[in-house]
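Counting starts at 1 for both ligands and their atoms, in listed order.
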Amino acid sequence: MNDAGAARAAAPGAGRPRVTVIGAGPAGLMAAERLAAGHDVVVLDRMRGVGRKFLMAGRGGLNVTHSEPMPAFLGRYRGSAPRLAPILADFPPAALRAWCEGLGQETFVGSSGRVFPRAMKASPLLRAWTRRLEEAGVRFELGRRWTGWRADGALSFLDAEGGAHAAFADATILALGGASWPRLGSDGAWTTTLRAAGVEVEELAPSNCGVEVAWSDHLRARFAGTPLKRIALCVGDDVVRGEAVVTARGLEGGAVYALSAPLRAALAREGGARLAIDLRPDLSVDALARALGAPRGAQSLANFLRKAAGLPPVAIALLREAHGRDLPQAPKALAAAIKSLGLRVTALAGLERAISSAGGIAWDELDEELMLRRRPGTFACGEMVAWDAPTGGYLLQACLATACRAARGARAFLAAREGRIE
Ligand SMILES: Cc1cc2nc3c(=O)[nH]c(=O)nc-3n(C[C@H](O)[C@H](O)[C@H](O)COP(=O)(O)OP(=O)(O)OC[C@H]3O[C@@H](n4cnc5c(N)ncnc54)[C@H](O)[C@@H]3O)c2cc1C
């Protein structure tokens with residue numbers, strides 16, 4: 001609808017309350033699905049295709065949720081756990097798996113406890129999902145960027161050519177995502193719009209991302225791209241076992257991503273963060289010291305460390321990088337250095353390549369049904385709300401569960417307005 005026709009014109013779903021969902025990522029699509037019955041639902045997105053980031057998420061194996069017990073599961077959301085607990089109780093991992101299976105995508109639990117669709121990709125699920133939405137009457141308007149509200153309350157949009165459009169809605173679901181991988185659609189520009197409307201929005205910051213370390217030229221040239229397997233990483237009291245990869249600018253990989261939250265906090269507090277690598281997490285300092293007590297003979301230090309401590313060349317280079325000529329020689333001190341190799345992280349890698357973003361609409365701005373307290377009838381869900389979680393399926397689980405809750409809120413809001421009881 002263009003500007004001139006923004007009045008409440010008769011629409012395909014005339015007679016039924018109109019719900020506008022902005023953002024065609026997993027959160028927006030789930031909200032649309034939950035509202036399709038009984039409402040005229042239209043989903044708008046600034047991109048020309050739906051679920052662009054969701055499709056990208058499926059590239060490396062779509063991890064939809066996790067199988068661990070709920071107390072541990074909830075703990076992954078740290079400070080947001082109390083707000084998310086009732087929301088996840090209404091749409092728990094088992095419900096998510098059943099929902100996938102309803103779309104013909106059987107799921108399985110991997111060895112790490114993570115849950116994947118058998119197809120591993122997002123595309124078959126997304127195809128079946130959009131088909132089902134269209135069959136339920138949901139309409140899509142793509143290539144429409146939401147820019148805010150007009151003075152008369154209409155939602156305003158710009159098309160790709162810069163043409164202005166506006167639409168009234170009886171209820172609105174905002175599902176605009178965070179700000180990672182902006183070229184896939186969610187660029188976080190909505191933060192300015194909502195702040196201008198008086199809504200408190202926490203700064204969007206990279207999460208589940210790599211870290212920057214000022215490597216020497218030698219380490220960068222020789223080892224960028226080399227994996228560090230079976231290590232443990234530690235920031236303060238947080239310890240994560242897993243893998244990382246040395247990059248030209250620092251480190252990436254699952255174990256690094258999982259420490260985004262404590263690293264972000266340390267960087268904000270101190271301007272730098274200490275990341276300790278345990279290069280042999282399966283051995284105690286004493287056991288390692290015993291192995292390092294073996295006579296070295298004529299072996300070079302690198303050969304000795306490789307044989308006695310089982311360290312690969314990249315680990316030995318990291319030890320040299322951290323200690324230089326002061327690398328301890330005594331077995332116990334050398335073992336301690338191997339078990340706690342300190343790196344100084346100077347920054348988190350940028351949003352362009354982060355898997356997700358932390359920050360977003362402050363929880364206090366949202367009621368229990370995820371309605372914006374300052375804008376009755378407008379609800380928010382997905383990654384644009386200020387929760388954060390590591391990879392492992394926790395991101396999609398919370399996106400979909402918050403979407404179900406926002407949809408429930410919108411349904412009740414519209415029913416109450418019409419004097420109906422849901
Ligand atoms: C490489 C990669 C791998 C990932 N792997 C996993 C995984 O395995 N498991 C997991 O749980 N999570 C994973 N994620 C994270 C997951 O994809 C996101 O958390 C999830 O897509 C967020 O869903 P959302 O609907 O809230 O937002 P998004 O998916 O970002 O969707 C938001 C939509 O809003 C649109 N939009 C934004 N601004 C506007 C505007 N002003 N007007 C109109 N439209 C707008 C965007 O175009 C976008 O389509 C991965 C992410 C990446 C980048």
Side-chain angles (χ1 to χ4, degrees), residues 20-32 42-66 76-77 93 96 100 110 112 114-117 120-122 125-126 129 140-148 155-160 165 167 172-194 204 206-210 252 254 257 351-358 360-361 370 380-403 406:
T20 299
V21 177
I22 313 177
L29 296 180
M30 179 55 97
V42 58
V43 180
L44 296 104
D45 199 288
R46 61 177 283 243
M47 302 301 278
R48 295 244 173 241
V50 305
R52 293 286 304 275
K53 189 179 283 181
F54 186 55
L55 287 170
M56 171 62 92
R59 287 244 183 114
L62 185 70
N63 178 198
V64 286
T65 187
H66 202 285
R76 307 292 174 178
Y77 299 97
L96 192 156
C100 285
S112 58
R114 295 174 179 219
V115 177
F116 301 89
M120 293 303 277
K121 297 189 288 186
L125 191 145
L126 187 61
W129 196 5
F140 290 90
E141 288 186 23
L142 302 177
R144 291 273 195 275
R145 173 191 272 280
W146 177 62
T147 53
L155 295 158
S156 18
F157 298 91
L158 287 178
D159 63 28
H165 301 255
T172 302
I173 306 278
L174 300 178
L176 299 154
S180 74
W181 281 77
R183 67 185 178 80
L184 300 177
S186 36
D187 60 1
W190 58 263
T191 55
T192 310
T193 310
L194 285 192
L204 296 177
S207 191
N208 292 301
C209 56
E252 280 198 10
Y257 299 165
L351 277 162
E352 314 74 51
R353 295 294 303 253
I355 286 181
S356 60
S357 52
I361 300 174
L370 303 185
C381 56
E383 209 180 300
M384 73 183 300
V385 177
W387 53 268
D388 183 27
T391 55
Y394 309 101
L395 298 167
L396 282 172
Q397 178 72 54
C399 285
L400 296 175
T402 53

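The residue from Leu126, Leu184, Leu125 that alone fulfils the side-chain contact (heavy atoms from CB on, under 4.5 Å) condition with Leu55 is Leu126. Considering His165, Arg144, Arg145 in turn, His165 is the only one that fulfils the side-chain hydrogen bond (donor to acceptor under 3.5 Å, both in side chains) rule with Asp159.
Note that CG of Leu155 and CD1 of Ile22 are 5.0 Å apart. Values are rounded to the nearest 0.5 Å. The OG atom of Ser356 lies 7.0 Å from the CH2 atom of Trp387; values are rounded to the nearest 0.5 Å. Residue Thr147 holds its OG1 atom at 8.0 Å from CZ of Phe157, rounded to the nearest 0.5 Å.
Ser180 contributes a side-chain N or O that, together with a main-chain N or O of Ile355, makes up a donor-acceptor pair within less than 3.5 Å. In this structure, Asn63 contributes its side chain and Val115 its backbone to a donor-acceptor pair below 3.5 Å. In this structure a side-chain-to-backbone donor-acceptor pair under 3.5 Å is missing from Ser186 to Leu176. When atom types are taken as modelled, the side chain of Glu383 and the backbone of Ser357 share a donor-acceptor pair closer than 3.5 angstrom. Counting only distance, with no hydrogens or angles, the side chain of Trp190 and the backbone of Gly177 share a donor-acceptor pair below 3.5 Å. Between the side chain of Thr402 and the main chain of Gly382, a donor-acceptor pair closer than 3.5 Å is present. Side-chain atoms of Asp45 never come within 3.5 Å of backbone atoms of Val50 as a donor-acceptor pair (strictly under, hydrogens ignored).
Residue Ala57 touches ligand 1 through backbone and side chain together, judged by heavy-atom distances below 4.0 Å. The proximity of Arg144 to ligand 1, defined as any non-hydrogen pair under 4.0 Å, is limited to the backbone. Only the backbone of Ala175 comes within contact range of ligand 1, with a heavy atom under 4.0 Å; no side-chain atom does. Contacts with ligand 1 closer than 4.0 Å are made by side-chain heavy atoms of Trp181 only, the backbone lying farther away.
Close approach to Gly177 involves these atoms of ligand 1, each under 4.0 Å from a residue heavy atom: 26 (O), 27 (O), 30 (O), 32 (C). For ligand 1 and Met56, the ligand atoms under 4.0 Å from any heavy atom of the residue are 1 (C). The Met47 neighbourhood of ligand 1 comprises atoms 47 (O), with distances under 4.0 Å to a heavy atom of that residue. Proximity to Ala27 (heavy-atom distance under 4.0 Å) selects the following atoms of ligand 1: 25 (O), 26 (O). For ligand 1 and Gly382, the ligand atoms under 4.0 Å from any heavy atom of the residue are 26 (O). Interface of Gly185 with ligand 1, defined as ligand atoms under 4.0 Å from a residue heavy atom, comprises 37 (C), 46 (C), 47 (O).
The protein heavy atom nearest to atom 7 (C) of ligand 1 is Asn63 O, 3.7 Å. Among all non-hydrogen protein atoms, the one lying nearest atom 16 (C) of ligand 1 is Leu396 CD2, 4.3 Å. For atom 44 (N) of ligand 1, the closest non-hydrogen atom on the protein side is Arg46 N, 3.1 Å. Ranking the protein heavy atoms by distance from atom 26 (O) of ligand 1 puts Glu383 N, 2.8 Å first. Among all protein heavy atoms, the one lying closest to atom 31 (O) of ligand 1 is Gly25 CA, 3.4 Å. Regarding atom 51 (C) of ligand 1, its nearest protein heavy-atom neighbour is Ile355 O, 3.3 Å. In terms of protein heavy-atom proximity, atom 42 (N) of ligand 1 is closest to Trp146 N, 2.8 Å. With respect to atom 34 (O) of ligand 1, the closest heavy atom belonging to the protein is Gly23 CA, 3.3 Å.
Heavy-atom proximity to atom 47 (O) of ligand 1, evaluated over Asp45, Thr193, Leu395, is greatest for Asp45. When the heavy-atom distances from atom 37 (C) of ligand 1 to Val385, Leu176, Thr402, Thr147 are ranked, the shortest goes to Leu176. Considering Gly143, Ala122, Ser186 only, the shortest heavy-atom separation from atom 30 (O) of ligand 1 involves Ser186.
Residue contacts with ligand 1 include Gly393, since one or more of its heavy atoms lies under 4.0 Å from the ligand. By the 4.0 Å heavy-atom criterion, Gly61 is counted among the residues contacting ligand 1.
Using a cutoff of 4.0 Å between basic side-chain nitrogens and carboxylate oxygens, Asp187 and Arg46 are scored as salt-bridged.
Using a 30° and 60° split on the angle between ring planes, His66 and Tyr394 fall in the parallel class, below 30°.
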